Amino acid sequence: MSIPVGSIIAFNPKPCPESGGGVHTWIYYAACLAIEAGMTNDQGVNEIKPLMTRDPNPASEIEDALRSARGEQRNASMRWPKVNTGQLEGVAQDGPGVLDLWKLSPFPMRVGDSRADEIVDILFPGNPWLCVGQSDRRFRTQRRDKWRGRLDAHALIVPSPMTHEMGVTKKGYQSHHSLENTAARRFLIIESDQGQLDQQAAVIWHLGNFGALAAIVFSGNKSVHGWFACNQATDNTLLRFMRYAVSLGADNRMWLRSQFCRIPDGRRSDAKKSAALLMSGVKGVPAGRQALIYLNPEVIS
């Protein structure tokens with residue numbers, strides 16, 4: 001599609017900063033200029049993308065900025081479905097419980113000392129940037145090796161590596177935790193919090209028929225989280241999977257790529273104590289431990 005000559009002349013944005021220096025904020029700025037120049041969204045993408053210093057992340061990053069700059073609503077695909085109670089009950093009836101999954105795990109489960117370091121090494125091999133926090137207000141991004149020996153005392157982690165130590169938030173602030181410095185999805189987290197733990201575990205196991213179930217983690221309180229390896233799946237594929245999970249009671253907030261989740265074998269920072277895991281038949285786990293329930297390293301590419 002051709003762009004009118006006048007629009008090309010009017011579109012003259014300042015240079016895009018280097019990756020990690022505010023690219024996400026620059027895209028929104030460029031989107032505003034493209035709209036002022038009278039461009040369609042397709043034309044805007046064609047003009048903005050070659051000027052970027054990194055690839056769009058996610059792939060729809062430029063389109064999202066253009067829609068936002070126009071004040072448009074999010075794509076209809078982001079209107080999350082309601083919980084299908086009948087299907088949820090059917091899945092919960094047929095599936096395994098927490099203790100069953102503990103026993104089914106290809107990676108042997110055990111109680112006792114935390115194995116947070118060992119587990120994170122499997123989930124994030126090498127020495128990537130990891131954003132880790134004691135809470136959603138106390139966090140830091142460092143290389144994986146810098147966290148060694150300390151992960152078991154923390155509660156939260158972004159389930160994808162970070163691109164740099166710092167990034168720019170949507171409000172324009174430098175931060176260790178922003179969407180701008182979060183890399184492509186490595187894991188999509190499904191937090192199933194409908195009903196008792198055994199029902200939640202059954203839902204996550206059922207979803208393993210459609211996604212690469214890598215791990216299941218107890219929140220330390222009242223829910224279990226499934227870690228699904230993305231293995232370079234497209235956002236459209238992952239979104240269809242997430243929508244189905246939401247229809248079975250999953251929390252749609254976990255779709256946000258930079259959303260914190262629970263560190264496997266980490267420790268809650270809010271001192272909450274729960275007997276939910278014991279009631280599901282798993283004994284000997286210290287109160288507040290975000291216990292690993294299941295791990296299958298083979299599905300992680």
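None of the values given here were measured: they were computed from a predicted structure. When reading the values below, keep in mind they use all heavy atoms of this one structure, side chains included, and skip hydrogens, waters and symmetry mates.
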> Where the side chain of S274 meets the backbone of N221, is there a donor-acceptor pair that is under 3.5 Å apart?
Replying inline: yes

> Could you give the distance from OG (S105) to CG (N296), rounded to the nearest 0.5 Å?
Replying inline: 7.5 Å

> Can you tell me how far the CH2 atom of W80 sits from the OG atom of S247, to the nearest 0.5 Å?
Replying inline: 11.0 Å

> What heavy-atom pair brings F241 and L207 nearest, and what distance separates the two atoms?
Replying inline: CE1-O, 3.5 Å

>> In this structure, would L179 and Y28 fall into the same cluster of hydrophobic residues linked by side-chain contacts under 4.5 Å?
In response: no

> Does E61 pair with R257 as a salt bridge, N-O distance under 4.0 Å?
Replying inline: no

> Shortest non-hydrogen contact from C261 to W227?
Replying inline: SG-CZ2, 3.4 Å

>> So if I apply the side chain to side chain contact (heavy atoms under 4.5 Å, CB included) rule between L88 and each of Q93, Q199, H206, which one comes out positive?
In response: Q199

>> Can you confirm whether more than 12 heavy atoms, excluding those of D113, are under 6.0 Å from its CG atom?
In response: no

>> If we ignore hydrogens and angles and just use 3.5 Å, is the side chain of T53 paired with the main-chain N or O of P17 as donor and acceptor?
In response: yes

> For Q142, does the CD atom have more than 12 heavy-atom neighbours from other residues, nucleotides or ligands under 6.0 Å away?
Replying inline: yes

>> Are M279 and L99 connected into the same hydrophobic cluster when the rule is that any two of I, L, V, M, F, W, Y join if their side-chain heavy atoms are below 4.5 Å apart?
In response: no

>> Quick one: does any side-chain atom of Q200 pair with a main-chain N or O of K222 as donor and acceptor, under 3.5 Å?
In response: yes

>> Set out, in order, the CA-CA distance, both residues' side-chain angles and the distance that settles side chain to side chain contact (heavy atoms under 4.5 Å, CB included) for L197 and L277, then state yes or no.
In response: CA-CA 8 Å; L197 289 192; L277 203 58; 4.2 Å; yes

>> Between V83 and V91, is there shared hydrophobic-cluster membership here, with clusters defined by ILVMFWY side-chain heavy atoms closer than 4.5 Å?
In response: yes

> So F124 and F187, ring pair (Phe, Tyr, Trp, His ring centres under 6.0 Å) or not? Walk me through it.
Replying inline: CA-CA 10 Å; F124 299 97; F187 295 98; 5.8 Å; yes

> Under the side chain to side chain contact (heavy atoms under 4.5 Å, CB included) test, which residues partner D55, sequence neighbours left out?
Replying inline: none

> Does the pair K103/D100 count as a salt bridge with the N-to-O cut at 4.0 Å?
Replying inline: no

>> Whether the side chain of R268 engages the backbone of S219 through a donor-acceptor N/O pair (distance < 3.5 Å, no angle test) should be reported.
In response: yes

>> If you count every heavy atom of other residues, nucleotides or ligands that lies below 6.0 Å from F210 atom CZ, does the total exceed 12?
In response: yes

>> Under the criterion side chain to side chain contact (heavy atoms under 4.5 Å, CB included), I'd like the reasoning laid out for S258 against E180: C-alpha separation, chi angles, the key distance, then a yes or no.
In response: CA-CA 9 Å; S258 58; E180 200 270 339; over 6 Å; no

> Rounded to the nearest 0.5 Å, how far does CD1 of I62 lie from NE2 of H24?
Replying inline: 11.5 Å

> Could you give the distance from CZ (R137) to NE2 (H177), rounded to the nearest 0.5 Å?
Replying inline: 13.5 Å

> Between P161 and P128, what is the shortest heavy-atom contact and its length?
Replying inline: CB-CB, 4.0 Å

> Does atom CD of E18 have more than 12 heavy-atom neighbours from other groups under 6.0 Å away?
Replying inline: no

> Would you find a donor on one side and an acceptor on the other, under 3.5 Å apart, between the side chain of S60 and the backbone of D64?
Replying inline: no

>> Is there a side-chain contact between R67 and N41 in this structure, where contact means two heavy atoms from C-beta onward sitting under 4.5 Å apart?
In response: yes

>> Is any side-chain heavy atom of H176 closer than 4.5 Å to one of N181?
In response: no

>> Please give me the minimum heavy-atom distance between L292 and D265, naming the atom from each residue.
In response: N-OD1, 3.1 Å

> Side-chain contact, heavy-atom cut-off 4.5 Å: L130 with K146?
Replying inline: no

> To the nearest 0.5 Å, what is the distance between NE2 (H225) and CZ (R262)?
Replying inline: 6.5 Å

> Side chains of R185 and L238: closer than 4.5 Å at any heavy-atom pair?
Replying inline: yes

>> Given 3.5 Å as the limit, does a donor-acceptor pair link the side chain of Q87 with the main chain of L248, or not?
In response: no

> In terms of hydrophobic clusters joined by side-chain contacts under 4.5 Å, are V132 and L256 together?
Replying inline: no

>> I need the full list of ring-ring contact (aromatic ring centres under 6.0 Å, His included) pairs touching residues 267-301, with sequence neighbours left out, sorted by first then second residue.
In response: W205-Y294

> Can you find a pair of side-chain heavy atoms, one from I190 and one from M254, that are under 4.5 Å apart?
Replying inline: no

> Which residues, ordered by chain and number, are linked to V158 in its hydrophobic cluster, where ILVMFWY side chains connect at heavy-atom gaps below 4.5 Å, directly or through other members?
Replying inline: W129, F139, L156, M162, F260

> Do V224 and L101 have side-chain heavy atoms sitting under 4.5 Å apart?
Replying inline: no

> So F11 and Q43, side chain to side chain contact (heavy atoms under 4.5 Å, CB included) or not? Walk me through it.
Replying inline: CA-CA 11 Å; F11 182 71; Q43 291 170 336; over 6 Å; no

> Between M52 and I35, is there a shared hydrophobic cluster once you connect ILVMFWY residues whose side-chain heavy atoms come closer than 4.5 Å?
Replying inline: yes

>> W26 vs K14, test: side chain to side chain contact (heavy atoms under 4.5 Å, CB included). Steps then yes/no.
In response: CA-CA 9 Å; W26 179 88; K14 63 185 179 183; 4.1 Å; yes

> Taking all non-hydrogen atoms of both residues, which atom of N57 and which atom of A183 are closest, and how far apart?
Replying inline: ND2-C, 3.3 Å

>> So L151 and R144, do their side chains get closer than 4.5 Å, heavy atoms only?
In response: yes

> Is the charged tip of R140 near the ring of W147: under 6.0 Å from the six-membered ring centre and within 45° of its axis?
Replying inline: no

>> Between the side chains of R289 and D152, is the shortest nitrogen-to-carboxylate-oxygen separation below 4.0 Å, so that they form an ion pair?
In response: no

>> If you compare all heavy atoms of C230 against all heavy atoms of L188, which two are closest, and at what distance to 0.1 Å?
In response: SG-N, 3.6 Å

>> Walk me through whether D145 and R143 qualify under salt bridge (Lys or Arg N to Asp or Glu O under 4.0 Å).
In response: CA-CA 6 Å; D145 286 348; R143 288 290 186 182; over 6 Å; no

> Side chains of T141 and M166: closer than 4.5 Å at any heavy-atom pair?
Replying inline: no

> What distance do I27 atom CD1 and C16 atom SG have between them, rounded to the nearest 0.5 Å?
Replying inline: 6.5 Å

